[in-house]
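Inspection log for the structure reproduced underneath, given as structure tokens.
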Amino acid sequence: MQAKFSVYRKEPGAHSKPGRSTYTVELADDATVMDALLKIRDEQDPTLGFRGSCLHGYCGDCTVRVNGKAAFSCTARVAPLAAKGGEIAVEPIRNMPVVKDLISDWDAFLWEKIDSTKPWMEPKDADGAAEPQIDDKLMARVRQAMSCNYCGLCDEGCTVLPVDFKFVGPAALTKASRFLFDPRDQATAERLRILERPKGMWDCVHCFEASEHCPREIAPTERIVEMRDEAFKRGITNEKVARHHLSFAASVKRSGWLDEGRLAIESEGLTNVSGLMKLLPTAAKAIARGKAPIPYLHPKRPGADRIARIIEKAEAKEK
Ligand code: SF4
């Protein structure tokens with residue numbers, strides 16, 4: 001089988017301009033993209049930079065974008081791509097600074113972020129007592145997060161990281177959930193305080209792309225939602241997004257629909273004077289156009305009492 005590749009190229013250094021190199025390669029019918037990259041480097045271009053480690057689709061070290069889709073190059077077969085005709089585009093994964101060619105900066109993308117979440121257990125039996133036996137059911141959801149192999153695909157699909165690279169990202173949050181819900185750990189409150197910092201768990205926008213991208217069905221978005229629920233249960237709601245959620249729910253419970261004035265005020269925080277001052281120009285424009293309902297005097301919509309009962313029922317179930 002003959003296949004033509006268009007490979008992303010970039011020399012190290014912030015000012016080097018990215019480009020592309022094209023290569024035509026003879027390959028076995030069952031060849032993978034990694035086989036092609038190795039052959040290109042061995043036979044045509046020793047300067048081509050890329051990474052790989054386990055070569056069995058486990059470690060994620062070789063993840064690239066192939067024809068616009070993130071894939072492990074060691075398991076992505078060339079034949080179906082070549083059958084479509086044209087060049088096969090190979091690029092670094094998104095949301096990660098490029099070091100050289102297909103080699104990305106995993107420290108900045110993943111490891112430093114994981115490090116920031118206290119990724120180790122603080123055992124309850126730190127005094128040296130024998131480790132207690134844990135009910136297997138309690139370990140089930142932890143085990144799901146434990147099966148993460150840090151391939152980074154959830155971060156690659158994340159819709160927040162392209163606009164804010166400082167967001168800790170779904171992969172690091174998945175690691176955090178692994179310790180947060182471990183029944184042997186005693187640092188839950190401390191972990192939540194770390195995770196509630198700006199750029200932490202509240203910055204996730206629930207687009208579910210992380211879960212769509214995870215090849216191991218760990219569902220990182222659901223893990224983030226669980227962490228937030230745990231924070232609500234413990235009253236750890238100091239971040240703006242947490243206040244936004246609480247205000248939203250309180251508004252709908254009271255009037256059956258959203259009191260936008262109240263939501264804006266409570267999301268900023270009633271004691272956050274500078275935040276509230278920033279709302280004034282928007283409020284003035286809304287008042288001038290007759291679009292500013294008076295916060296907290298929002299009229300109830302028909303059926304509001306029924307909506308309140310539904311919310312109360314859900315709250316009781318949650319408790
Ligand atoms: S949660 Fe899934 S997609 Fe994200 S790093 Fe772990 S295994 Fe990869």
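Every heavy atom of this structure was used, including side-chain atoms; hydrogens, water molecules and symmetry mates were not.
Checking side-chain atoms of Asp105 against main-chain N and O of Pro97 turns up no donor-acceptor pair under 3.5 Å. Panel note: side chain Ser251, backbone Trp257; a donor-acceptor pair is recorded below 3.5 Å. In this structure, Asn67 contributes its side chain and Ile88 its backbone to no donor-acceptor pair below 3.5 Å. A donor-acceptor pair under 3.5 Å is formed between the side chain of Arg223 and the backbone N or O of Ile218. Side-chain N or O atoms of Lys4 include none that pairs as donor or acceptor with a backbone N or O of Thr22 at under 3.5 Å. Side-chain atoms of Ser247 never come within 3.5 Å of backbone atoms of Arg243 as a donor-acceptor pair (strictly under, hydrogens ignored). Judged by distance alone, with hydrogens and angles left aside, the side-chain atoms of His298 form a donor-acceptor pair with the main-chain N or O of Leu258 at under 3.5 Å. Ser73 places no side-chain N or O within 3.5 Å of a backbone atom of Val64 that could act as its donor or acceptor partner.
Checked for salt-bridge contact, Arg178 and Asp182 meet the test: a charged N lies under 4.0 Å from a carboxylate O. A salt bridge does not link Glu190 to Arg193: none of the charged side-chain nitrogens sits closer than 4.0 Å to a carboxylate oxygen. For Lys253 and Glu315, the salt-bridge test passes: some basic side-chain N is under 4.0 Å from an acidic carboxylate O. Under a 4.0 Å N-O distance rule, the pair Arg254/Asp259 does not qualify as a salt bridge. The pair Arg20-Glu91 meets the salt-bridge criterion, with a side-chain N (NZ, NE, NH1 or NH2) lying under 4.0 Å from an Asp/Glu carboxylate O. Using a 4.0 Å cut-off between a side-chain N of Lys or Arg and a carboxylate O of Asp or Glu, Arg65 and Glu156 qualify as a salt bridge. The existence of a salt bridge linking Lys166 and Asp203 is excluded, since no basic side-chain nitrogen approaches an acidic carboxylate oxygen closer than 4.0 Å.
The aromatic rings of His244 and Phe248 are tilted relative to each other, their planes meeting at an angle between 30° and 60°. Ring-plane geometry between Trp202 and Phe232 is classed as perpendicular, the angle between the planes exceeding 60 degrees on a 0 to 90 degree scale with a lower cut at 30.
Within the 4.5 Å cutoff, the side chain of Pro123 has no heavy atoms near those of the Arg184 side chain. Glu266 places none of its side-chain heavy atoms less than 4.5 Å from the side chain of Leu246. Using a 4.5 Å heavy-atom threshold, the side chains of Val78 and Asp35 count as separate. The shortest side-chain heavy-atom distance between Arg9 and Thr47 falls under the 4.5 Å cut-off. For the pair Leu102 and Leu37, the minimum side-chain heavy-atom distance is below 4.5 Å. Between Pro183 and Met139, some side-chain heavy-atom pair lies under the 4.5 Å cut-off. Taking the side chain as every heavy atom from C-beta outward, Leu38 and Met34 approach each other to under 4.5 Å. Counting heavy atoms from C-beta on, the side chains of Asp107 and Trp111 come closer than 4.5 Å.
Annotation: cation-pi geometry not satisfied between Lys113 and Phe167 (NZ/CZ under 6.0 angstrom from ring centroid, within 45° of ring axis).
Minimum interatomic distance between Arg94 and Gly157 (heavy atoms only, all atoms of both residues): NH2-CA, 3.7 Å. Shown here for Val163 and Thr159, the closest heavy-atom pair between the two residues is CG2-O, 4.1 Å. The two residues Arg228 and Cys204 have their closest heavy-atom pair at NH2-O, 2.7 Å.
Residues Ile93 and Val98 are members of separate hydrophobic clusters, defined by side-chain heavy-atom contacts under 4.5 angstrom among Ile, Leu, Val, Met, Phe, Trp and Tyr. A single hydrophobic cluster is seen to contain both Leu161 and Ile224, as judged by linkage of ILVMFWY side chains at heavy-atom distances under 4.5 Å, directly or through other members. No path of Ile, Leu, Val, Met, Phe, Trp and Tyr side chains, each step under 4.5 Å between heavy atoms, connects Ile194 with Leu173, placing them in separate hydrophobic clusters. A continuous path of hydrophobic side-chain contacts links Leu48 to Phe5 [ILVMFWY only; heavy atoms under 4.5 Å].
Here Pro119 pairs with Ile114, Asp115, Thr117, Lys175, Phe179 under the side-chain contact (heavy atoms from CB on, under 4.5 Å) rule; sequence neighbours left out.
In this structure, Leu276 CG and Leu270 CG are separated by 7.0 Å, a value rounded to the nearest 0.5 Å. The CD atom of Glu217 sits 10.5 Å away from atom OG of Ser211, with the distance rounded to the nearest 0.5 Å. The distance from the OG atom of Ser53 to the OH atom of Tyr58 is 12.0 Å, given to the nearest 0.5 Å. Within the model, atoms CZ of Arg216 and SG of Cys148 stand 8.0 Å from one another, a figure rounded to the nearest 0.5 Å. Here Leu192 contributes atom CG and Ile236 contributes atom CD1; the two are 4.5 Å apart, rounded to the nearest 0.5 Å. Here Arg77 contributes atom CZ and Leu27 contributes atom CG; the two are 11.5 Å apart, rounded to the nearest 0.5 Å.
Each of Glu230, Met227, Met201 was scored for a side chain to side chain contact (heavy atoms under 4.5 Å, CB included) with Ser177, with one residue passing: Met227.
The neighbour count for Gln2 CD, taken as heavy atoms of other residues, nucleotides or ligands under 6.0 Å away, is above 12.
Checking Glu11 against Ser16 by side-chain atom types alone, no donor-acceptor pair falls below 3.5 Å.
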